[in-house]
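Report on the structure given below.
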2 protein chains.
Amino acid sequence: MANTQFTNVGIIFGDVLRRYRSERNLSQEELAHRAGVDRTFISRLERGIRQPTITTLLGLGAALGVPAAELVKATEAEWLKRAEG
Amino acid sequence: MANTQFTNVGIIFGDVLRRYRSERNLSQEELAHRAGVDRTFISRLERGIRQPTITTLLGLGAALGVPAAELVKATEAEWLKRAEG
DNA sequence: ATGTAGACTTGAGTCGACC
DNA sequence: GGGTCGACTCAAGTCTACA
């Protein structure tokens with residue numbers, strides 16, 4: 001049953017996504033449209049209820065005008081920070 | 001039905017993953033063990049048949065001793081290159 | 001414009017097996 | 001050690017609807 005240590009990744013990614021979206025004054029609906037996904041899915045991502053695949057990540061990055069790698073980097077940094085608590 | 005433009009992301013990521021694994025002289029089995037996933041799943045990832053979620057990405061990065069963001073960056077760069085063909 | 005939720009289809013990720 | 005596959009479970013992602 002591996003990966004108990006990665007349990008919070010979705011929550012952290014949700015925070016990151018919401019922050020990037022807010023900074024750009026995009027609505028969930030507009031982001032969803034640009035990224036080619038459903039609005040309710042964005043809502044679930046931001047709340048950490050769902051997790052993106054790498055394809056979705058690239059779509060979100062393109063929609064936000066930021067490399068997907070940057071979203072992952074921010075998520076990873078926050079995750080490492082919380083992991084060492 | 002969005003995202004036809006992202007169709008090849010899985011293939012590209014598979015190439016990237018295999019390259020990073022090979023450079024570290026890791027077997028699929030060892031990588032799978034370290035990342036906490038199944039060996040056959042690594043095989044499918046490398047062949048582009050399956051795609052990782054962000055949680056799996058962080059696990060793979062940790063297993064390879066490289067930031068997951070770097071794997072995404074490499075994937076994204078290759079994807080942009082192929083996209084402009 | 002967002003939260004939430006149920007019901008749905010497809011795909012992530014496992015397990016066992018064989019080449 | 002790796003490829004491949006079928007069958008399985010559960011989660012990704014959609015769609016509709018209401019607060």
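Residue numbers start from 1 in every chain, and the chains themselves are labelled A, B, ... in the order their sequence lines are given, proteins ahead of strands.
- Of the possible donor and acceptor atoms, one in the side chain of Glu76(A) sits under 3.5 Å from a partner among the backbone N and O of Ala68(B).
- Under the salt bridge (charged side-chain N to carboxylate O under 4.0 Å, His left out) criterion, Glu29(B) pairs with no residue at all, not counting sequence neighbours.
- Following rounding to the nearest Å, Phe13(B) (CZ) and dG13(C) (P) show an atom-to-atom distance of 10 Å.
- Taking the C1' atoms of five terminal pairs at each end of the helix from dT2(C)-dA19(D) to dC19(C)-dG2(D), the two resulting helix axes are inclined by 40°, rounded to 10°.
- Annotation: side-chain hydrogen bond (donor to acceptor under 3.5 Å, both in side chains) contacts of Thr53(A) (sequence neighbours excluded): Thr56(A).
- Qualifying salt bridge (charged side-chain N to carboxylate O under 4.0 Å, His left out) partners for Arg44(B), counting only residues two or more places apart in sequence or in other chains: none.
- In this view, Glu78(A) and Ile12(A), Lys81(A), Arg82(A) satisfy the side chain to side chain contact (heavy atoms under 4.5 Å, CB included) rule, not counting sequence neighbours.
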In 5'-to-3' order, the base (B), backbone-only (S) or no-contact (-) status of each nucleotide in nucleotides 4-13 of chain D, using a 4.0 angstrom heavy-atom cut-off, is BBBB----BB
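- With rounding to whole Å, His33(B) atom NE2 is found 18 Å from dG2(D) atom C1'.
- Pairs engaging residues 58-67 of chain A under the side chain to side chain donor-acceptor pair (under 3.5 Å) rule: none recorded [sequence neighbours left out].
- With sequence neighbours excluded, no residue forms a salt bridge (charged side-chain N to carboxylate O under 4.0 Å, His left out) with Arg24(A).
- For Arg47(B), the side-chain hydrogen bond (donor to acceptor under 3.5 Å, both in side chains) partners at least two apart in sequence or on another chain are Ser43(B).
- Every residue two or more places apart in sequence or in another chain that forms a salt bridge (charged side-chain N to carboxylate O under 4.0 Å, His left out) with Arg21(B) is listed here: Glu46(B).
- When the side chain to side chain contact (heavy atoms under 4.5 Å, CB included) test is applied to Glu70(A), the partners found at least two apart in sequence or on another chain are Tyr20(A), Val66(A), Pro67(A).
- Of the residues in residues 16-30 of chain A, those placing a heavy atom less than 4.0 Å from an atom of DNA chain C are Arg18(A), Arg21(A), Ser27(A), Gln28(A), Glu29(A), in numerical order.
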